[in-house]
Amino acid sequence: MGFDQRVVASLVALLSMLACAPSEGAIVPAASGSRQPNASMGAPGIGDPDFPFDGNGGYDVSHYGLAIGYTPSSKHLDGVATINATTTQPLSRFNLDLSGLEVSDVTVNGEKAIFSRTGSELSVLPATPLGDKAAFAVKVTYAGVPKPVKDSSNLGTFGFIPTPDGAFVACEPDGAKTWYPANDHPADKASYDFTITVPEGVTALANGEQVGEPTTADGKTTFRWREKHPMVSYLATATIGKFELHKGRTPGGIPNFAAVDPKHRGSLNNLFNVSGEVTDYWSKIFGPYPFSSTGGMIDDFAAGYALENQTKPLYGGFAPDQSIIAHELAHQWFGDSLSIKRWRDLWLNEGFATYAEWLWAEHKGTNTADQLFQTFHARPASDPIWKYPPGRAQARDLFNDSVYTRGGMTLHALRKAIGDETFFKLLKTWTADHKYGSVTTEEFIALAEKLSGKDLTSLFNAWLFTAAKPD
Ligand SMILES: [Zn+2]
């Protein structure tokens, strides 16, 4: 995620006003309680200590088939989600994450299942209990008016956000549940098929590539998209509205797809061209591009941020400059192909994407990473960035400036310590070793030490884990 610098200042002011608002009460999900949990019940959370009810235990999703109908005028969504998964334990009951919306039917392997709702937990009781390591398919039929998450501590509104002509869908950190039932945590990655039906004249955009041409019948058009590479739930999108499109390839030959709301038509070619140039350059610096297409979308919802939706970053109501395009496309490697197992490791996404902005400036000759590092390092010891160790992102303040800027500075300090040759080899080895996988900070530190042959404990401790300004 990256921020439109022009709105950051006003957002910070707003957030400080909202800082005293009461936090949401913890929701006790249906499958937990004071009793010793039954061994065959899936846990209501995937095991992230900072987000205890995000994701679910007991299974691993391999594929989401999402058939969505959406009518912008009524904001009504209807959906059928077919989820293919494999159990990691015997399951007599398991949960999915879904907030709001009305569930009318759930089947497991074609048999009607009993289900219940508590908070954002959809608890499913299959007619036939599932064994260990069993492949199963759960189908959820649901409908309603999606309600995005409004979370003042994590920068505003996210999830499925209705707009006058459609919807702006950006879900970090846990807004996927606002529009489809999910194992809504980045630790569980899956491939996706999207079948999105909208009124004729409206365009539906999703991750990956289009499957066939859209088909129109009875005043409605159906768009089909497929992301065949593993993707985390918050990167899935079904962005809907009036769009102008530019399709082609990057100079290096990667399929490139840019889409802009008509209000931003003047930015369409720039978005297409810069996204192509950046994707090609990062492919040289970070290793081969991990997905089958690149691009970007500008919608007219003034989110004040951009999200690195897999293959199609989404820019919220502003024309992105080169720096933020460089940031969001760097996430295709750091955050999308390699995703975090726990939210506290978010600097592995944001520190790297921030450092990519500095590398882009260096590439363009507008600045050097070292000059940028020096500028930030000159902040006084009283600056809040030094009190927030970026290696432990905090659940109620995930997108703190430290996770971005001090995270990026960590990489520059590392680059200076191990030299350019080892540093850039490290970036490529990191993206190759964990392509489409899940990563932790400990794994990155171990690889940096292995490739450099150096003990980097004190460097990482000072930059990532200490609430004080490093030397
Ligand atoms: Zn970012």
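Nothing fancy with the numbering, it's 1 onward along the sequence. Remember, it's 1-based here, ligands and their atoms both numbered in the order they're listed.
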query = Mind checking whether the Zn ion (ligand 1) has an N, O or S of Asn349 under 2.8 Å?
reply = no
query = Restricting to pairs with a member in residues 181-194, which pass salt bridge (charged side-chain N to carboxylate O under 4.0 Å, His left out), not counting sequence neighbours?
reply = Asp193-Arg226
query = Partners of Asp54 by side chain to side chain donor-acceptor pair (under 3.5 Å), sequence neighbours excluded?
reply = none
ask   = Relative to Phe257, does Lys312 satisfy both conditions: NZ or CZ under 6.0 angstrom from the six-membered ring centre, and within 45 degrees of the ring's axis?
value = yes
key: Angle at the Zn ion (ligand 1) (to 10°), with one arm to NE2 of His327 and the other to N of Met1   = 140°
request  = Could you tell me whether the Zn ion (ligand 1) has an N, O or S atom of Glu350 under 2.8 Å away?
outcome  = yes
ask   = ring-ring contact (aromatic ring centres under 6.0 Å, His included) between Phe373 and Tyr355: does it pass, once the steps are laid out?
value = CA-CA 9 Å; Phe373 173 89; Tyr355 197 60; 9.0 Å; no
